[in-house]
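Inspection log for the structure reproduced underneath, given as structure tokens.
Every number for a ligand or one of its atoms is a count from 1 in the order of the listing.
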Amino acid sequence: MDSRNFSLADFMLIEDADIMGRARLFKEFSNDVFERRHAQYRRVSIDGSGPIMRVQDKYTGSIKEMVYLASNDYLNLTKHPRTIAAGKAALEKYGSGAGSVPLLGGTLDLHIELEEKVAKFKGCESAIIYTSGFGSNCGTLLSMLQENDIAILDMLVHASILDGCKNTNTKFFRHNDMKSLEHALTKVKDKYRTKLIIVDGVYSMDGDIAHLDKIVELAKAYGAYVMVDEAHASGVIGKTGRGTPQHFNIEGKVDIVAGTFSKALGSVGGFIAAKSELIELLHFYSRPYMFSTAMTPQSAGSLIASMEVIEDEPQLREKLWSNITYFKKNLLNLGFNLGDAETAIFPIIIGDDLKVKEVCRRLHDMDIYVNPVLYPAVPKKLARIRMSIMATHTKEHLDQALNALEVVGKEYNII
Ligand SMILES: Cc1ncc(COP(=O)(O)O)c(C=O)c1O
């Protein structure tokens with residue numbers, strides 16, 4: 001099979017092959033991807049997230065030291081001495097697991113402390129924590145919205161939100177387009193029990209910011225609620241890193257603030273912050289909370305420390321932003337198309353899937369770790385490489401990446 005003629009979307013559409021048949025065909029596809037040296041997924045790290053990552057090269061078997069431009073660990077809190085110490089202390093005190101689901105014995109005082117910290121961090125009354133951000137978005141939406149409700153979605157919201165809306169009606173508006181949102185709101189007016197507008201604060205494949213201030217105004221005018229997914233915004237935007245509501249000075253005005261602990265907060269898990277009555281409802285109706293064992297003590301301990309570090313060490317976020325400004329200025333000077341990127345996520349939009357695979361292969365060989373993002377993860381003809389930078393990248397790391405990108409950009413006529 002020639003993998004260049006197929007995308008990941010194709011293997012779910014084959015009608016005359018059952019699941020094992022589809023798996024066999026997919027294996028043929030993966031083998032061809034590997035032979036063409038396009039296999040840039042599931043690269044194995046031997047030392048975890050940092051500005052330089054040591055990676056096992058699938059093709060040579062050797063260890064490569066790569067400039068790592070694919071982490072969501074924007075402040076590199078995964079490796080901060082305080083998050084490590086707090087995680088170790090929690091592990092010693094409570095053991096390696098919580099032992100049960102939160103409702104039936106798994107709730108630790110450490111979880112309550114984390115919930116209170118999150119609520120405060122997000123300027124909300126209360127918060128509920130989950131073991132994954134995906135589960136928290138998906139589970140909350142599945143439990144809140146049913147057949148007489150509607151979710152009004154930015155067309156680029158995260159997959160966890162799309163999956164969470166499978167029990168309800170949906171209407172999409174054009175990405176970050178307030179006219180399109182208003183049009184959608186006029187269409188659904190008075191027709192549904194709950195109208196919930198859902199957006200990402202920072203979009204994961206584009207790095208742009210939702211117009212949350214305008215969205216909140218429109219919601220008010222049309223009797224809708226607003227939910228924002230703060231996955232890539234927490235710790236990055238806002239005067240003190242509290243995310244999109246703080247960025248627009250509208251803290252306390254967003255009905256549901258969702259987020260993950262897996263990106264700038266440097267661990268794993270997710271949360272919803274909102275009015276306390278809604279959080280209490282979720283304790284008893286949100287299935288990934290009720291039927292899944294509580295977060296590990298080590299994660300909860302590390303996360304409490306992460307939020308303290310964000311508060312006490314603003315210099316980390318300042319360093320991240322000076323890196324963002326430097327990297328962006330140089331990429332634009334080189335002539336790359338970055339779309340509307342304005343945060344720590346940098347898409348280089350190339351268009352053609354095959355070209356993106358080739359560029360990523362070349363960059364891998366030059367010790368630069370970036371991710372290919374292809375259809376169906378992004379619309380057809382908008383394939384891109386996705387990079388993200390961290391506070392701990394030095395100017396030398398960024399220059400090494402910029403030099404390689406310049407060489408490859410010229411080779412493939414991207415700049
Ligand atoms: C915008 C957005 N929301 C939610 C998630 C899910 O978060 P988690 O990785 O904690 O499951 C992600 C993660 O990739 C994301 O990018």
query: Should the proximity of N137 to ligand 1, defined as any heavy atom under 4.0 Å, be assigned to the side chain, the backbone, both, or neither?
result: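 Just the side chain.
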- request: Please test Y59 against F34 for ring pair (Phe, Tyr, Trp, His ring centres under 6.0 Å), starting from the C-alpha separation and ending with a verdict.
  value: CA-CA 9 Å; Y59 292 99; F34 186 83; 4.5 Å; yes
message: Which residue in the set K263, H232, R317 passes side chain to side chain donor-acceptor pair (under 3.5 Å) when paired with Y74?
response: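 That would be H232; it is the only one of K263, H232, R317 passing the side chain to side chain donor-acceptor pair (under 3.5 Å) with Y74.
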message: Looking only at the side chains, is there a donor atom on one of S286 and Y130 sitting less than 3.5 Å from an acceptor on the other?
response: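 Note: S286 and Y130 side chains meet the donor-acceptor criterion.
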field: R362 NZ/CZ over Y412 ring centroid, <6.0 Å and within 45° of normal
entry: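 No - R362 does not lie over the ring of Y412 by the 6.0 Å and 45° rule.
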- prompt: Which option out of F261, Y203, F134, F271 puts a heavy atom nearest to atom 6 (C) of ligand 1?
  reply: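 Of the listed residues, F134 has the closest heavy atom.
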message: As a check for students: among E230, H158, H232, M205, identify the option with a heavy atom nearest to atom 12 (C) of ligand 1.
response: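 Result: the heavy atom closest to atom 12 (C) of ligand 1 is in H158.
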- prompt: If you draw a 6.0 Å radius around CZ in R24, do more than 12 non-hydrogen atoms from other residues or ligands fall strictly inside?
  reply: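 For R24, atom CZ is not crowded (no more than 12 foreign heavy atoms under 6.0 Å).
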- request: Assess whether atom NE2 of H283 is packed by more than 12 heavy atoms of other residues, nucleotides or ligands within 6.0 Å.
  value: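 Enclosed.
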Looking only at protein heavy atoms, which one is nearest to [atom], and how far off is it?
atom	result
atom 7 (O) of ligand 1	T260 CG2, 3.1 Å
atom 1 (C) of ligand 1	D229 OD2, 3.4 Å
atom 13 (C) of ligand 1	K263 NZ, 2.7 Å
atom 9 (O) of ligand 1	S262 OG, 3.3 Å

Per-atom contacts of ligand 1 with [X], taking only distances under 4.0 Å to non-hydrogen atoms:
X	answer
A231	1 (C), 2 (C), 3 (N), 15 (C)
D200	1 (C)
S204	16 (O)

- prompt: Do side-chain atoms of K319 reach the backbone of A391 as a donor and acceptor pair under 3.5 angstrom?
  reply: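 Pair found, side chain donor or acceptor close to backbone of A391.
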query: Does S299 use its side chain to pair, donor to acceptor, with the backbone of S267 at less than 3.5 Å?
result: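 Between the backbone of S267 and the side chain of S299 there is no qualifying donor-acceptor contact (under 3.5 Å).
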query: Which residue pairs satisfy the side-chain hydrogen bond (donor to acceptor under 3.5 Å, both in side chains) criterion with at least one member in residues 338-355, sequence neighbours excluded?
result: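 Residue pairs with at least one partner in residues 338-355: there are none.
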- prompt: Applying a strict 4.0 Å limit to heavy atoms, is G269 in contact with ligand 1?
  reply: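 Heavy atoms of G269 do come under 4.0 Å of ligand 1.
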S160 near ligand 1 by a heavy-atom separation under 4.0 Å: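 In this structure, S160 qualifies as a contact of ligand 1 - some heavy atom is under 4.0 Å.
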- request: Report yes if G133 has an N/O atom closer than 3.5 Å to an N/O atom of ligand 1; otherwise report no.
  value: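 N/O-N/O distance under 3.5 Å: yes.
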